There are 2 protein chains.
Amino acid sequence: MSVAVENFVKAIYNNENHDIADTKPGNIASKLGISNAAATDMAKKLDAKGLLNYEKYQALRLTKEGEKMALNVIRKHRLWEALLHQMFDMSLHEIHREAELLEHETSDFLTEKISEYLGHPKFDPHGDPIPNADGEITTKDTSIALINAEENTEYIVSRLMSTDKEFFEFCALNGIKYGNKIAVKKQFQNSKMTQITINSNTIVLNQDFTQIIYVNEIN
Amino acid sequence: MSVAVENFVKAIYNNENHDIADTKPGNIASKLGISNAAATDMAKKLDAKGLLNYEKYQALRLTKEGEKMALNVIRKHRLWEALLHQMFDMSLHEIHREAELLEHETSDFLTEKISEYLGHPKFDPHGDPIPNADGEITTKDTSIALINAEENTEYIVSRLMSTDKEFFEFCALNGIKYGNKIAVKKQFQNSKMTQITINSNTIVLNQDFTQIIYVNEIN
DNA sequence: ATTAATTTTTAAGTATGCTTAAAAATTTTT
DNA sequence: AAAAATTTTTAAGCATACTTAAAAATTAAT
């Protein structure tokens, strides 16, 4: 399907699920930077294609098929963001800009290669969940505060749930970064301290930090 | 510029420089899988845009600007091939297919990131030269047979100039692969044997092999 | 509950990048 | 050098994805 169609269903999906606005043509139009007339036009065409249900003056509702297409594009977008962030150390703003273009020209084959390379991450660097190849969102990462490993166990950093500058500086200094591997071990049972190892560098963190560092199991 | 335009100037460039066929509309059309009429049509439009010179019934000739656009797209294509081949171990056929799509949706910014990551390679995995950011092709790789290093010196494998299956199997077994780092040292002066080290694994090769393994200096 | 403001829809029109069919020019064959 | 074959061009037409302008419906304000 075309770039215009993919972006259209993606915009509806995001409005339906995350963003504030409803999914009437006007909101989709302003999100995509096109005229209201163009959005109504497209809505009729996609209704005919079975991707959404269009009824005059009503909000647009994606069909199962339309939602599947949206999730497929979102999966590609978020995997590109993850890859570009990890490999090239690009900023959150930069990876978004590039992923917005690449997402439409990426085969399912290449998408799986990227996912595999990254260890099938469940979240992108923004902390948004990455749908799996079947378009399901299975959010199962945990904060390392909740990990009870007696021995060192390896995980992949999935998100850093903070807006605190000092926390991010600390993370940068210690290699705690989206996609990186860290070994986690509860320092003492009953303790609130957790020991983590990154690149053979071991540090001990207290709850303030362990509660906001999220990881995925390595599968 | 659009995907159609980029592919059009790329096809002309390749016909002008590498392929057998001339650049009359018919040849470009069949290369792109469009009708002759469409090619003539496009040729007139691109003449008006200053990307090529169109004269009735004559071969199409790219202007400086058109050639620059073609080389920019070709650079992106070959860098993607290099990256996908090295990172995901994709076949030459697969990387070509993906690069054909990605090349049109890759910013110059991301292109430089990829080039940098790969150590600014001069050749892609097919052995085709990668134009630099200014659109210049500066082919300066050398076969390791010509390297006279007394001490171990590091290089990046740029191409394997062979069609021999056993040679490729030998390379695969020893990690001699496009984009990989190898250390080269002339085993004895006046000898035809060359010592190479890949991943702390040292082997000695004779001229049969050293003449067809090409490398670039690490910059 | 009207009126006013906003949104949605319809209608007409445009640029891009194709198509097929037929006319015109070129190239090849004899 | 003519005839035949091929290629190129022109012409008309189509789908996609937009635009602006005006009409119709909905939503918000008094």
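Below, read A as the first sequence line, B as the second, and so on, with proteins coming before strands; counting in each chain starts at 1. Owing to the predicted nature of the structure, the values given are computational and were not obtained by experimental measurement.
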> For A:Glu55 and D:dT26, what is the distance between atoms CD and C1' respectively, to the nearest whole Å?
Replying inline: 15 Å

>> If we ignore hydrogens and angles and just use 3.5 Å, is the side chain of B:Asn72 paired with the main-chain N or O of B:Lys68 as donor and acceptor?
In response: no

> Within 45° of the six-membered ring axis of A:Tyr54 and under 6.0 Å from that ring's centre, is NZ or CZ of A:Arg61 located there?
Replying inline: no

> D:dC18 phosphate, OP1 or OP2: any side-chain N/O from A:Ser35 under 4.0 angstrom?
Replying inline: no

> Between A:Gln58 and A:Lys45, who's closer to the 5' end of DNA chain D by nearest nucleotide?
Replying inline: A:Lys45

> From A:Met69 CE over to A:Lys64 NZ, what is the distance, rounded to the nearest 0.5 angstrom?
Replying inline: 14.5 Å

> Rounded to whole angstrom units, what separation is found between the CE atom of B:Met42 and the P atom of C:dA15?
Replying inline: 16 Å

> Can you say whether the rings of B:Phe167 and B:Phe209 are parallel (under 30°), tilted (30 to 60°) or perpendicular (over 60°)?
Replying inline: perpendicular

> Does A:Tyr57 make a side-chain N or O approach to OP1 or OP2 of D:dA24 shorter than 4.0 Å?
Replying inline: no

> Rounding to a whole Å, what distance do you find between B:Asp22:CG and D:dT7:P?
Replying inline: 10 Å

>> Between C1' on D:dC14 and CG on B:Asp41, what's the gap in Å once rounded to a whole number?
In response: 13 Å

> So, does A:Arg75 use its side chain to make a donor-acceptor pair with the main chain of A:Pro131 at under 3.5 Å?
Replying inline: yes

>> Do the side chains of A:Glu65 and A:Lys49 get close enough for a salt bridge, i.e. N-O under 4.0 angstrom?
In response: no

>> Of the options D:dC18, C:dC18, C:dT9, whose atoms approach the side-chain atoms of B:Ala38 most closely?
In response: C:dC18

May I have the list of side-chain donor-acceptor pairs in residues 82-94 of chain B shorter than 3.5 Å, sequence neighbours left out?
unit_1	atom_1	unit_2	atom_2	d
B:His85	ND1	B:Met90	O	2.9
B:Asp89	OD1	B:Lys177	NZ	3.3
B:Ser91	OG	B:His93	N	3.4
B:Ser91	OG	B:Glu94	N	3.1
B:Glu94	OE1	B:Ser91	N	2.9

> Are OP1 or OP2 of D:dT9 and a side-chain N or O of B:Thr40 less than 4.0 angstrom apart?
Replying inline: yes

>> Distance check needed: C:dT16 C1' versus B:Ile34 CD1, whole Å only.
In response: 12 Å

>> Heavy-atom nearest nucleotide on DNA chain D for A:Gly33 versus A:Lys24: which residue maps closer to 5'?
In response: A:Gly33

> What is the distance, rounded to the nearest whole Å, between atom CG of A:Asp47 and atom P of C:dT8?
Replying inline: 17 Å

> Which residues, if any, of residues 2-13 of chain A bring a heavy atom under 4.0 Å of DNA chain D?
Replying inline: A:Ser2, A:Ala4

>> OP1 or OP2 of C:dT7 versus the side-chain N and O atoms of A:Asn36: is any pair under 4.0 Å?
In response: no

> How long is the gap from CG on A:Asn15 to NZ on A:Lys31, to the nearest 0.5 Å?
Replying inline: 3.5 Å

> NZ of B:Lys31 versus C1' of D:dT7: gap in Å, rounded?
Replying inline: 18 Å

>> Rounded to whole Å, how long is the line connecting atom CE of A:Met1 with atom C1' of D:dA17?
In response: 15 Å

> Looking across every strand, which nucleic acid part, if any, lies under 4.0 Å from B:Lys56 by heavy atom: base, sugar-phosphate, or nothing?
Replying inline: sugar-phosphate

> Watson-Crick or G-U wobble partner for C:dT30, using a 3.5 Å limit on both distances?
Replying inline: D:dA1

>> Under 4.0 Å, counting only non-hydrogen atoms across every strand here, what does B:Ala37 touch: a base, just sugar-phosphate, or nothing?
In response: base

